[in-house]
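Proteins get letters first, then strands, A, B, ... in listed order; numbering begins at 1 in each.
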Protein chains: 2
Amino acid sequence: MVTMKEIAKQAGVSVSTVSLVLNNRDEGRVRDIVANEVRDIASQLGYRSNPLASSLRTGRTHMLGFISEDVATTPYAGGMILGAQRAAQQLGYMLIVVSTDGPRNEAEEIAALKRYGTDGFLYAKMSNRIVTVPEALKDTPLVLMDATDGTGETASIEPDEFHIGYDATKRLLAAGCERIAYVGAESPIVAERGRMEGYRTALAEAGRSVNERLIVHVGNNEPALAAVNELFDAAQPDGFFCFNDARAWYVYECAARRGLTIGRDISVVGVDNHRVFADTLVPQLTTVELPHFEMGYWAAAKLVSIIEERSLADMDWPDTAAPLPPMNTSTPAAIHCALIEKDSVRK
Amino acid sequence: MVTMKEIAKQAGVSVSTVSLVLNNRDEGRVRDIVANEVRDIASQLGYRSNPLASSLRTGRTHMLGFISEDVATTPYAGGMILGAQRAAQQLGYMLIVVSTDGPRNEAEEIAALKRYGTDGFLYAKMSNRIVTVPEALKDTPLVLMDATDGTGETASIEPDEFHIGYDATKRLLAAGCERIAYVGAESPIVAERGRMEGYRTALAEAGRSVNERLIVHVGNNEPALAAVNELFDAAQPDGFFCFNDARAWYVYECAARRGLTIGRDISVVGVDNHRVFADTLVPQLTTVELPHFEMGYWAAAKLVSIIEERSLADMDWPDTAAPLPPMNTSTPAAIHCALIEKDSVRK
DNA sequence: GTGAAAGCGCTAACAA
DNA sequence: TTGTTAGCGCTTTCAC
């Protein structure tokens, strides 16, 4: 590994000079000839700085800590991690990934990350909810993903849940549905409530009254299937907005058993269906795919902007790779999901 | 942040002594009284070593590099990352995650990881295949995941593809199927060939002749669906072994259109179905879930064992967390998939 | 047994 | 404009 020392020797200057030049702090402090000489030698030798060594002095490691809960929801975590990684990479950062079991373990993992001197933290949940920020994270740069804090103190990136429900319901209305059902989840987290609000609002705006019998909140497996079955019998919906993929499939299953075809007899919009459903299997099923990759991407970008105290707009994006375009995939088979960016209140 | 210096001051000894004690190299070199004193103060002050600082001298960062291809297969990557993270965590390592677009970008990312001084690399593919190890990785501790190299030079963890096909076919035979189809993929990677071999062998062992018309290799979307449809017409299979979830669902779809019920009229075993299928939706569908988490876990554990030059057996597993038990989930609805561990040939 | 000193690669005051 | 010096937190000889 080639060090500044070697460059200094070859160039016949001191290490400090090399340091100045290679950190682009040489303007008016080092003669251009010398500076160029140093740069030449550096690139010739293939010099690459040792970020760990410099971190010792600067206190900056250019490493980001990614904290996720490691429940069985790995598909989502994967997308976020990859997205965050992409942004980190483009902005010259590394991503250290850590997953937690419970709150105890969480504190430990945060401590471990801190020992490694991560410059900031990404704190990810697997479904949009209000979280209380762990104590140990309060004094460092931090961005919440798929979550917000109650107080608005912390920066966050989350899906626009309201518009998911709103757009989905609009789509069903446009398809001519008369009795649009909402098949939701049981826990009243942000995602649940937001999507349901969107559903209600879209109906209201269309001048429809909301029939409460068309709204169900179901859990999983057989009980859920039974509940959806019951919904079919009781209210005979011709349109369904489903909280997530599992719920969409209870609908699919019930429809299949009745000989109803999605896209002809009934319409279904489901959030977050696995790609394998959406792309290849039931093209009649309209989906809202949660932009986990994008969430990770923008959360990491935002974190870096906080760390470097500059605005997202004038980050040092590499020429080669423009920042990721906003998701924009509203096709007949998919509904676009926007992200909401919240800044931290405290400066 | 509390440093050795502070401990030294409080204990009235030198930093070197503290270092010796805290690294458990004090036997016969430091008086027990002093050693205990140091340890007491350390724990009292909540001392935690700064791994980056020590890396400067030792050359060991206790960081592992995880390299994956960032194609749209994020669900798999996520599981592997989380698994690797778990093992790393248990063994006192951190995981740095990096994803690549193509070979060019790959070399860059490897270089970046090396600058951060990662002690070794995990190189993950998203479907078991033979890879040529990137030049830059040849001289460092390395474990391939869901991949092997052609030469057997590199340590690896991969699923036992042969037995996946073998066990799945056995299961179908046990279910009384007479005409068992193989619905495979088009590219002849290790996973494809291995599973098909298992299928053929199981049939042969059962004294069945292999009917080539029951074997199809299909791509995606409509053409694939058409091909599977054709398979139903031409060979009227009563059992299906499907290469993966997408393939399983072409079968599901064709069956549905014919009014055939899985588990009654036909039997289906599919590899790697998304959990949402397997758990909640088509319980009649038998699945082989590829143990991505476990693959990540064991690959990371193996990598650490290579780095620390000890056997997997006598690693420093924390008391709190026993190493992950081998997957053992062969239920009527799931087939257990074993992992194959290969050591590197060169010492 | 213990401590002083050097040094890992780099940055940052300060002198020159 | 440049070099010297000191030091980040830690490990490691080597002298005492």
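A 6.0 Å sphere centred on CG of A/Asp32 holds no more than 12 heavy atoms belonging to other residues, nucleotides or ligands. No more than 12 heavy atoms of other residues, nucleotides or ligands sit less than 6.0 Å from atom CZ of A/Arg48.
Residue A/Arg25 has no polar side-chain atom (N or O) positioned under 4.0 Å from OP1 or OP2 of C/dT11. The phosphate of D/dG9 has neither OP1 nor OP2 within less than 4.0 Å of any side-chain N or O from B/Thr3. Within the 4.0 Å cut-off from OP1 or OP2 of D/dT2, not a single side-chain nitrogen or oxygen of A/Arg29 is found. A close approach under 4.0 Å does not occur between any side-chain nitrogen or oxygen of B/Ser14 and OP1 or OP2 of C/dT2. Between B/Thr17 and C/dG3 there is a side-chain N or O to OP1 or OP2 distance below 4.0 Å. Residue A/Tyr116 has no polar side-chain atom (N or O) positioned under 4.0 Å from OP1 or OP2 of D/dG9. Considering only side-chain N and O atoms, B/Arg57 lies nowhere under 4.0 angstrom from the phosphate OP1 or OP2 of D/dG9.
With C/dG7, C/dC10, C/dT11 as the candidates, the nucleotide lying closest to the side chain of A/Asn23 is C/dT11. Distances were taken from every side-chain heavy atom of A/Val13 (C-beta onward) to each of C/dG1, D/dC8, D/dG3; the shortest belongs to D/dG3. The side chain of A/Tyr47 sits closest to C/dC10 out of D/dT11, C/dC10, C/dT2.
Rounded to whole angstrom, the span from the CD1 atom of A/Ile7 across to the C1' atom of C/dG9 amounts to 12 Å. Straight-line distance from the NZ atom of B/Lys5 to the P atom of D/dC10: 11 Å, rounded to whole Å. As a whole-Å value, the separation of A/Glu27 CD from D/dT1 P is 11 Å. One can place CG of B/Leu52 at 11 Å from C1' of D/dC10, the figure rounded to the nearest angstrom. In this structure, the CG atom of A/Asn24 is 14 Å from the P atom of C/dA12, given to the nearest Å. Taking atom CD of B/Glu6 as the reference point, atom P of D/dG9 lies 9 Å away to the nearest angstrom. Summarising the geometry, the separation between CG on A/Leu56 and P on C/dC8 is reported as 13 Å, rounded to the nearest angstrom. Atom CG in A/Leu20 sits about 9 Å away from atom C1' in C/dA12, given to the nearest Å.
You won't find any donor-acceptor pair under 3.5 Å spanning the side chain of A/Thr58 and the base of C/dA12, going by distance alone. If you check distances only, the side chain of A/Ser16 never reaches the base of D/dT2 with a donor-acceptor pair under 3.5 Å.
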Practice problem: Report the C-alpha distance between A/Asp101 and B/Arg86 in whole Å, list the side-chain angles of each, state the deciding distance to 0.1 Å, and finish with yes or no for salt bridge (charged side-chain N to carboxylate O under 4.0 Å, His left out). | Solution: CA-CA 10 Å; A/Asp101 285 336; B/Arg86 171 70 62 83; 3.4 Å; yes
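Between A/Tyr297 and A/Gln90, the side chains place a donor N or O and an acceptor N or O closer than 3.5 Å (distance only, hydrogens not considered).
Between A/Met63 and B/Met63, some side-chain heavy-atom pair lies under the 4.5 Å cut-off.
For A/Asp149 and A/Lys342, the salt-bridge test fails: no basic side-chain N is under 4.0 Å from an acidic carboxylate O.
Across all strands shown, A/Ser19 has heavy atoms under 4.0 Å from base atoms, whether or not it also approaches the sugar-phosphate. Here B/Gly28 lies in heavy-atom contact (under 4.0 Å) with sugar-phosphate atoms only.
In this structure, B/Val34 and A/Ala53 both approach DNA chain C, and ranking their closest nucleotides by distance from the 5' end singles out B/Val34. Position along DNA chain C of the nearest nucleotide to A/Ser49 versus B/Gly12 favours B/Gly12 as the more 5'-ward residue.
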